[in-house]
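First listed ligand is number 1; within each ligand, the first listed atom is number 1. Please read these numbers as outputs of a predicted model, since none were measured by experiment.
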Amino acid sequence: MFTAAAKCSLRRAYSTAVPKTLTIGLIPGDGIGKEVIPAGKQILQALPSQYGLNFKFLDLRAGFEEFQKSGVALPDETVEILKKSCDGALFGAVSSPTYKVKGYSSPIVALRKKMGLYANVRPVKWVEGVGIPVDMVIVRENTEDLYIKEERIYEKNGQKIAEAIKRISENASRKIGKMAFEIALNRQHVRELGGSSLHKSPSVTVIHKSNVLSVSDGLFRETVKKVYESDPARYGSIEYKEQIVDSMVYKMFREPAQFDVVVAPNLYGDILSDGAAALVGSLGVVSSANVGDDFVIGEPTHGSAPDIQGKGIANPVATIRSTAMMLEFMGYQEPAAKIFSAVDENLKENKVTTPDLGGKSSTQEVVEDIIRRF
Ligand SMILES: NC(=O)C1=CN([C@@H]2O[C@H](COP(=O)(O)OP(=O)(O)OC[C@H]3O[C@@H](n4cnc5c(N)ncnc54)[C@H](O)[C@@H]3O)[C@@H](O)[C@H]2O)C=CC1
Ligand SMILES: O=C(O)CCCC(=O)C(=O)O
């Protein structure tokens, strides 16, 4: 699905010979992260031998439980092993507290920055029978905005005042803009090859709130627009659109089928993608890939879901699709396509599904049903 973007973003994978054995780091994290990451692992192990891929897995530590045990949420060793020994990785989810815990900071937010994974690519695609017609990709900036977590609290006139910095840089906005336009072109290329889609022509919608935040969101909007205008020969076939984030929420629910590629600063992208999950039936089916120039981490869009953890009913589809996305961005299109189509068949048949989709099956039964379709 993302060949062109993959080519521009994963130079290392393309500049070396195709390895027979890929080393994949597995970071389950907390809660249902521990239940869905084994699903991704089983899917890779079950890939038909025709693809010539073998996998070696490295179990890596991160999360709130890890913090409670060792005092460190993201051990240096995890980052070092990812950088030195892994070809790609899968991340589950973490249970970050909603209150300040001294010394704790979200490990996934830190990991994205430490690994230079500047794009969070989140496809939201309808499968007939589950959800309503939508086929869009949210391309979320992944390293800055309010997620730099530069916050402070102080007192003034006996009142507490808290502040957080929203940082938007030209460099990160340019990179995410370029990624969005390349993905739009690639989706169009796939459509021309006969891929099914609701869209006839490519479009990119830039999300912002520059009617209020004219400096920060203004820089994001202007920089993405400049990327578009800088190369009419390449991007001229793409329709360029802008949407203020609040009315985007309205339009996304009223007329979701009109959106193709949506590019957003970090926080808006995070919120929009959880909202969009409601269009396709469940957060449990929405995948993502954290993508940098030379590394990719597949990660379900959902969190650690403490309300269902330990019950064996977490939907593994988001992680299985994220596993396919990891392979896709590493340049392995064919096994990725095999996984996507097995998942689509499972969803279309709508017999072996977890309770979030109205079914009665367990996580493991869904994994087995998908593998059976390889
Ligand atoms: N990337 C990450 O590691 C993320 C971590 N979180 C963390 O997750 C924790 C819980 O956050 P919530 O706001 O409850 O969001 P959540 O995404 O964990 O859950 C929201 C709702 O969706 C359901 N759900 C999520 N994934 C599902 C799946 N695979 N199958 C079936 N149902 C699923 C849950 O049961 C829950 O009802 C928090 O500590 C938060 O910090 C939240 C988002 C992302
Ligand atoms: O809870 C955490 O530690 C991370 C939450 C970040 C997030 O929601 C996302 O990036 O999808």
Checklist line | Stepwise side-chain hydrogen bond (donor to acceptor under 3.5 Å, both in side chains) check, Asn266 with Asn142 | finding: CA-CA 6 Å; Asn266 206 339; Asn142 213 20; 5.0 Å; no
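The closest protein non-hydrogen atom to atom 8 (O) of ligand 2 is Asp270 OD2, 3.1 Å. Summary of contacts: the protein heavy atom closest to atom 42 (C) of ligand 1 is Gly303 CA, 3.4 Å. The protein atom (non-hydrogen) at minimum distance from atom 41 (O) of ligand 1 is Ser96 O, 3.4 Å. For atom 23 (C) of ligand 1, the closest non-hydrogen atom of the protein is Ala305 CB, 4.5 Å.
Residue Pro306 approaches ligand 1 through these ligand atoms, each under 4.0 Å from one of its heavy atoms: 10 (C). Set against the non-hydrogen atoms of Ser95, the atoms of ligand 1 under 4.0 Å away are 39 (O). Numbered from 1 in the order shown, with element, the atoms of ligand 1 that lie under 4.0 Å from a heavy atom of Leu283 read 17 (O), 20 (C), 22 (O). In summary, the atoms of ligand 1 found under 4.0 Å from a heavy atom of Ala93, numbered by their order in the structure, are 3 (O). Atoms of ligand 1 found under 4.0 Å from any heavy atom of Gly284 (numbered from 1 in listed order, with element): 28 (C), 29 (N). Residue-ligand proximity, Ile32 to ligand 1, at heavy-atom distances under 4.0 Å covers atoms 26 (N), 27 (C), 28 (C), 29 (N). Here is the list of ligand 1 atoms found below 4.0 Å of a heavy atom in Ala314: 30 (N). Of all the atoms in ligand 1, the ones that sit under 4.0 Å from a non-hydrogen atom of Glu299 are 1 (N), 2 (C).
The local environment of CZ in Phe374 is crowded, with over 12 non-hydrogen atoms from other residues, nucleotides or ligands closer than 6.0 Å.
Using a 4.0 Å cutoff on heavy atoms, Arg112 counts as a contact of ligand 2. Contact annotation: Arg122 has at least one heavy atom less than 4.0 Å from an atom of ligand 2.
Residue Thr301 places no N or O, backbone or side chain, under 3.5 Å from any N or O of ligand 2.
Salt-bridge check for Asp145 with Lys166: passed, with a basic side-chain N closer than 4.0 Å to an acidic carboxylate O. In this structure, Asp231 does not pair ionically with Lys178, as no charged nitrogen and carboxylate oxygen lie closer than 4.0 Å.
Inside a 4.0 Å radius of atom 5 (C) of ligand 2 there is not any protein heavy atom.
Aromatic ring centroids of Tyr235 and Phe181 lie under 6.0 Å apart.
Under the 6.0 Å distance and 45° angle rule, Lys114 does not count as a cation-pi partner of Phe295. Note that Arg140 lies in the cation-pi zone of Tyr147, set by a 6.0 Å cut-off to the ring centre and a 45° limit from the axis.
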